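To keep things clear, I will list the structure first and then write my remarks on it.
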Amino acid sequence: MSIFTQIREKLAKETKTIVLPDGPDPRILEASEKLSKEGLLKVLLIGDPKQFAKNAKEGGFDISGCEIIDPNNYEDMEAMVQEMVALRKGKMTEDQVRECLKAGNYFGTMLVKMGKADCLLGGATYSTADTVRPALQLIKTKPGSHLVSSVMILTRGEDDAERLAFGDCAINIDYKDTVDKKTGEVTLTAAQKLGEVAVETARTAKKFGIDPKVALLSFSTNGSGKGGTVKLSHDAVAEARKLGPEFDIDGEMQFDAAVSPVVAKTKFKDSKVAGHANTFIFPLIEAANISYKVAQRLGGYAAYGPILQGLNAPINDLSRGCNADEVYGMSLITAAMAIED
């Protein structure tokens, strides 16, 4: 069964409400029409209803099944303002909050925070930073999480038979110790951060039908090399095993050892993961981003994401170069993240 068939079955049993905060962009209108007509999601659009009507008519889109909310004419705005002021804890004045809430990214995120919607997908007209920042400020990380990260789900073959998870491809540039500025003490190590990303990626992978075999990647396998990110990936294995003892996690290992049983027998013969990995954790964003795009363009994999993880609610980001099909697909994926397993 394909990933989207599985998602549709889930959503048919438990309908979710999604916010699309990017306004009356043609890609958003096309995807919204399809989503609303399928009846699997309730779609909330943010902006001026007159502009939505105008753009929908010009593009030939039927968005009558969607709800349009205008931040400039929202009946619960006062309650929203007061809640956001409290959330910002003195970092923003009431006037600053009101100004922020005129923008779809902040207004949409507050709809999720206040329980008016289950999830949000933005970024068709906003930068990644402008999608993630409101989520960090208002939704915040979930209990036990220290950072937000991302995963790409890659599929190939009939019914998406081949499925892989790559993390982190979009959020964390690298991993460094967090140091208390007053005491100079390390409060969170780089290895703990990467280990957390590994476990969150495994949990996300499981939501999309992957039985995660998690490999912490490097240019070394089981101590064969030194320097660079070798120690980071090696130490992150121990941290990940503490956080997710239910998962098979191993490393550090090179990609060939992770995916080839023949190579694994030579390089890492005692590993349960080596030779069978399907969930790959990269120590640097460059390696992760390049690798998933190589798999996509040369390996024939379809790539979905970046899917954000570690937040208190599903908030996902689109590329500003996305098309309507990507908006549609990521909407279904984002809604599926709101369903408890």
Side-chain angles (χ1 to χ4, degrees), residues 3-4 7 18-22 27-28 31 105 108-109 112 119-136 139 141-142 145 147-156 160 163-175 193-194 196-210 212 214 217 278-297 299 301-338:
I3 279 183
F4 285 107
I7 288 173
I18 189 167
V19 179
L20 302 178
D22 284 287
R27 298 164 296 174
I28 301 298
N105 58 339
T109 303
V112 176
C119 53
L120 177 147
L121 175 65
T125 60
Y126 289 102
S127 69
T128 295
D130 284 337
T131 300
V132 174
R133 188 185 305 109
L136 287 172
I139 301 297
T141 54
K142 65 185 180 182
S145 292
L147 72 164
V148 175
S149 60
S150 74
V151 58
M152 297 294 301
I153 300 296
L154 278 68
T155 68
R156 187 172 67 177
D160 302 330
R163 302 183 188 186
L164 308 173
F166 282 27
D168 172 357
C169 300
I171 300 296
N172 295 288
I173 302 297
D174 55 17
Y175 301 89
K193 292 177 182 179
L194 187 58
E196 185 175 312
V197 171
V199 173
E200 286 297 323
T201 301
R203 289 172 178 158
T204 302
K206 195 171 181 181
K207 280 182 174 285
F208 292 99
I210 299 170
V214 186
L217 298 175
N278 53 26
T279 302
F280 304 96
I281 309 303
F282 297 80
L284 294 170
I285 197 171
E286 287 97 333
N289 194 275
I290 291 167
S291 295
Y292 100 75
K293 290 185 177 181
V294 169
Q296 181 184 29
R297 300 298 176 180
Y301 282 88
Y304 303 103
I307 299 166
L308 302 188
Q309 43 194 23
L311 290 166
N312 259 321
I315 307 286
N316 278 328
D317 179 45
L318 293 160
S319 164
R320 279 175 285 180
C322 67
N323 58 38
D325 287 340
E326 289 169 319
V327 177
Y328 169 79
M330 280 300 295
S331 294
L332 293 179
I333 285 172
T334 303
M337 297 295 292

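As a basis for the values below, the full set of heavy atoms in this structure was taken, side chains included, without hydrogen atoms, waters or symmetry mates. This is a predicted model, so every value here is computed, not measured.
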Backbone N/O of Ile139 and side chain of Asn312: donor-acceptor pair under 3.5 Å: yes

What are the two closest heavy atoms between Ile285 and Ile171, and how far apart are they? CD1-N, 3.8 Å

For the pair Thr155 and Phe208, evaluate side chain to side chain contact (heavy atoms under 4.5 Å, CB included) and give the outcome as yes or no after the intermediate values. CA-CA 10 Å; Thr155 68; Phe208 292 99; over 6 Å; no

Spacing of Glu286 atom CD and Ser291 atom OG [to the nearest 0.5 Å]: 11.0 Å

Value rounded to 0.5 Å, distance of CD1 in Ile18 from CE in Met337: 12.0 Å

Polar side chain donor-acceptor pair, Asp317 to Thr128, under 3.5 angstrom: yes

Are Lys193 and Glu196 close enough for a salt bridge, meaning some N to O gap below 4.0 Å? no

Taking the side chain as every heavy atom from C-beta outward, state whether Ser145 and Glu200 have any pair of such atoms under 4.5 Å apart. yes

Taking every non-hydrogen atom, the tightest pair across Leu120 and Asn105: CD1-O, 4.5 Å

Is there side-chain contact between Leu164 and Tyr301, with at least one heavy-atom pair below 4.5 Å? yes

Can any side-chain N or O of Thr131 pair as donor or acceptor with the backbone N or O of Ser127 at less than 3.5 Å? yes

Ignoring hydrogens and angles, tell me if any N or O in the side chain of Arg156 forms a donor-acceptor pair with the backbone of Gly299 under 3.5 Å. yes

Any side-chain heavy-atom pair of Tyr175 and Val197 under 4.5 Å: yes

Report yes or no: does Arg27 contribute a side-chain atom to a donor-acceptor pair with the main-chain N or O of Cys322 at less than 3.5 Å? yes

Closest heavy-atom pair, Ser331 versus Leu20, reported as atoms and distance to 0.1 Å, is OG-CD2, 3.9 Å

Is the centre of the Phe166 ring less than 6.0 Å from the centre of the Phe280 ring? yes

Measure the spacing between CG of Leu284 and CD1 of Ile173 and express it to the nearest 0.5 Å. 9.5 Å

Give me the atom names and distance for the closest heavy-atom approach of Cys119 to Ala335. SG-CA, 3.8 Å

Distance-minimising heavy-atom pair for Asn172 and Val148: ND2-O, 3.0 Å

Using side-chain heavy atoms (C-beta onward) and a distance below 4.5 Å, is Arg163 in contact with Ile3? yes

Measuring centre to centre across the rings, with the benzene-like ring taken for any Trp, is Phe4 within less than 6.0 Å of Tyr304? yes

Hey, does Leu217 have a side-chain heavy atom less than 4.5 Å from the side chain of Ile281? no

Does any donor atom in the side chain of Asp168 or Ser149 lie under 3.5 Å from an acceptor atom in the other side chain? no

Is there a side-chain contact between Val327 and Asn323 (heavy atoms, below 4.5 Å)? no

Do Leu318 and Tyr126 touch side chain to side chain, with heavy atoms closer than 4.5 Å? no

Can you find a heavy atom in the side chain of Ile210 that is under 4.5 Å from one in the side chain of Thr279? yes

Heavy-atom pair with the smallest gap, counting every atom of Lys206 and Pro212: CB-CD, 4.4 Å

Hey, which of Thr204, Asn316, Thr141 is the one that makes side chain to side chain donor-acceptor pair (under 3.5 Å) with Gln309? Thr204

Could you give the distance from OG1 (Thr334) to CD1 (Ile315), rounded to the nearest 0.5 Å? 8.5 Å

